[in-house]
2 protein chains.
Amino acid sequence: MTAPKQSRTRAASQGTRTTAGGQASPGQLQKEIRQTKSFASIHAEAFLNIVRTADQTQHLLHMQLKPYGITETQYNSLRILRGAGKQGLSCAEIGERLISQDPDITRLLGRLERQGLVRRERGAKDRRVVMTKITASGLERLKELDPVVTSTVHALLDHLSEDELGKMIGLLERARSRPTSSA
Amino acid sequence: MTAPKQSRTRAASQGTRTTAGGQASPGQLQKEIRQTKSFASIHAEAFLNIVRTADQTQHLLHMQLKPYGITETQYNSLRILRGAGKQGLSCAEIGERLISQDPDITRLLGRLERQGLVRRERGAKDRRVVMTKITASGLERLKELDPVVTSTVHALLDHLSEDELGKMIGLLERARSRPTSSA
DNA sequence: TCACTATGCTTGTTATAACAGATGAAATTC
DNA sequence: GAATTTCATCTGTTATAACAAGCATAGTGA
């Protein structure tokens with residue numbers, strides 16, 4: 001599989017990482033997005049690399065899921081509900097594990113319900129809460145999709161060693177663990 | 001600034017990175033998305049870390065840009081057009097440097113034009129091609145936004161050392177450089 | 001017990017990624 | 001020169017992220 005045309009690019013301007021001798025050397029990303037100028041800072045370059053890698057990998061996963069008529073977000077919702085078991089989860093609980101803080105959960109679950117993959121029910125005890133459970137056909141759909149996702153994700157990254165992947169994970173975790181006083 | 005609630009999560013199932021003694025130890029991401037099961041593989045864990053880090057950083061940038069009434073994609077379009085100079089770029093050329101391979105470029109530029117930030121003109125030589133140029137007020141808007149984006153991106157990542165950022169960039173570049181025969 | 005506040009969800013809306021087909025123009029082929 | 005193919009853009013549509021307001025319900029305090 002060849003990489004698709006570049007996905008969304010991000011803020012970048014002058015500056016680049018310097019080699020040992022202090023000379024600016026263009027990175028791979030600069031070429032990918034046909035950037036003649038170097039990046040403003042190594043922070044900008046890192047940010048763009050993170051976002052571009054995510055876009056590319058998500059796009060490739062999307063292409064693999066497309067024949068099954070399921071999006072990545074729908075797949076994740078189903079997986080979360082399978083994990084929840086028979087009691088299901090409320091909209092808020094699903095949203096907490098899925099999407100950003102004001103997720104379009106009602107419409108997302110509505111689409112899954114129309115496909116017969118989940119069932120929603122308003123609680124008797126608290127009529128504000130809607131519990132959602134995965135259906136038998138939702139579980140079957142996941143059985144189909146799990147190997148597709150697993151093998152796609154594996155194929156995307158299997159040219160990196162376990163040591164490299166471990167290092168990447170560590171760095172990304174550290175990137176997300178910024179001190180709360182910053183910015 | 002505190003991290004927002006987790007954004008979209010991705011495919012994950014059983015398995016996790018092992019410690020030196022072979023014991024499974026949950027990663028930070030597992031806790032972030034309230035995952036009781038470990039990840040299916042280190043590939044899945046790496047994939048989710050990439051996507052989650054990108055979502056989080058983009059969300060934070062989005063929040064910084066919101067008061068200016070500009071989205072990240074719009075900002076990037078303007079930056080690309082500033083870089084192109086007086087002759088502007090065609091829709092296809094912008095799309096190549098911006099978004100995925102079938103980008104919604106017409107509508108994106110239409111919105112920027114309505115804000116007076118760009119001007120579109122159909123070529124006399126080839127009436128299929130629409131050239132887009134940034135306007136003076138587009139350039140002014142960028143002057144406002146550049147420091148916002150620069151400082152936000154810097155703040156997101158300045159708790160990492162230059163060495164760590166360089167390593168992260170290298171690993172992400174390698175992640176994107178998969179052999180074309182894979183998958 | 002009632003008024004007020006908080007919670008959970010729903011709906012309308014905009015922006016963008018993605019898919020697909022249509023339109024007009026240019027290039028190519030016969 | 002005409003027909004066909006290719007190219008660039010446009011438009012309709014769906015899914016999702018995001019924003020905001022509204023509705024129904026539950027909880028709290030006086």
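A, B, ... follow the sequence lines: proteins, then strands. Residue 1 opens every chain.
Between the CG atom of B/Leu65 and the P atom of C/dT16 there is a distance of 12 Å, rounded to whole Å. Between the NE2 atom of A/His59 and the C1' atom of C/dT16 there is a distance of 15 Å, rounded to whole Å. Atom-to-atom, CD of A/Glu93 to P of C/dT7 comes out at 15 Å; the value is rounded to the nearest Å. Atom CE in A/Met63 sits about 14 Å away from atom C1' in C/dA17, given to the nearest Å. The distance between atom CZ of B/Arg107 and atom C1' of D/dT11, rounded to the nearest whole Å, is 6 Å. To the nearest angstrom, P of C/dA15 lies 18 Å from CD of B/Gln58. The nearest whole Å value for the distance from the CG atom in B/Leu108 to the C1' atom in C/dA15 is 9 Å. For A/Ile94 and C/dG8, the CD1 to C1' distance is 13 Å, given to the nearest whole Å.
For D/dA15, the OP1/OP2 oxygens have no side-chain nitrogen or oxygen of A/Thr73 closer than 4.0 Å. For D/dT16, one of the phosphate oxygens OP1 or OP2 lies less than 4.0 angstrom from a side-chain nitrogen or oxygen of A/Gln74.
For the pair B/Asp104 and B/Arg107, the salt-bridge criterion is met [side-chain N within less than 4.0 Å of a carboxylate O]. Checked for salt-bridge contact, A/Glu113 and A/Arg119 miss the test: no charged N lies under 4.0 Å from a carboxylate O.
Pairs of residues two or more places apart, or lying in two chains, that qualify as ring-ring contact (aromatic ring centres under 6.0 Å, His included) and include a residue from residues 119-158 of chain A are A/His154-B/His43. For residues 127-137 of chain B, the salt bridge (Lys or Arg N to Asp or Glu O under 4.0 Å) pairs, not counting sequence neighbours, are B/Asp126-B/Arg128.
When heavy atoms are screened at a 4.0 angstrom cut-off, B/Thr71 is found touching the sugar-phosphate backbone but no base atom.
Counting only heavy atoms from C-beta on, B/Asp104 has its side chain closest to C/dT16 among D/dC19, D/dC10, C/dT16.
Take A/Ala84 and apply the side chain to side chain contact (heavy atoms under 4.5 Å, CB included) test, not counting sequence neighbours, and it matches A/Leu89. The side-chain hydrogen bond (donor to acceptor under 3.5 Å, both in side chains) check on B/Thr57 picks up nothing, with sequence neighbours excluded.
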Side-chain polar contacts of residues 136-144 of chain A - donor-acceptor pairs under 3.5 angstrom, sequence neighbours left out - could you list them?
from, atom 1, to, atom 2, distance (Å)
A/Ser137, OG, A/Gly116, O, 3.1
A/Arg141, NH1, A/Tyr68, O, 3.3

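Near-neighbour residues of DNA chain C inside residues 112-129 of chain A, defined by a heavy atom below 4.0 Å, number-ordered: A/Arg122, A/Arg128, A/Val129.
If A/Thr106 and A/His62 are placed on DNA chain C by their nearest nucleotide, the residue sitting closer to the 5' end is A/Thr106.
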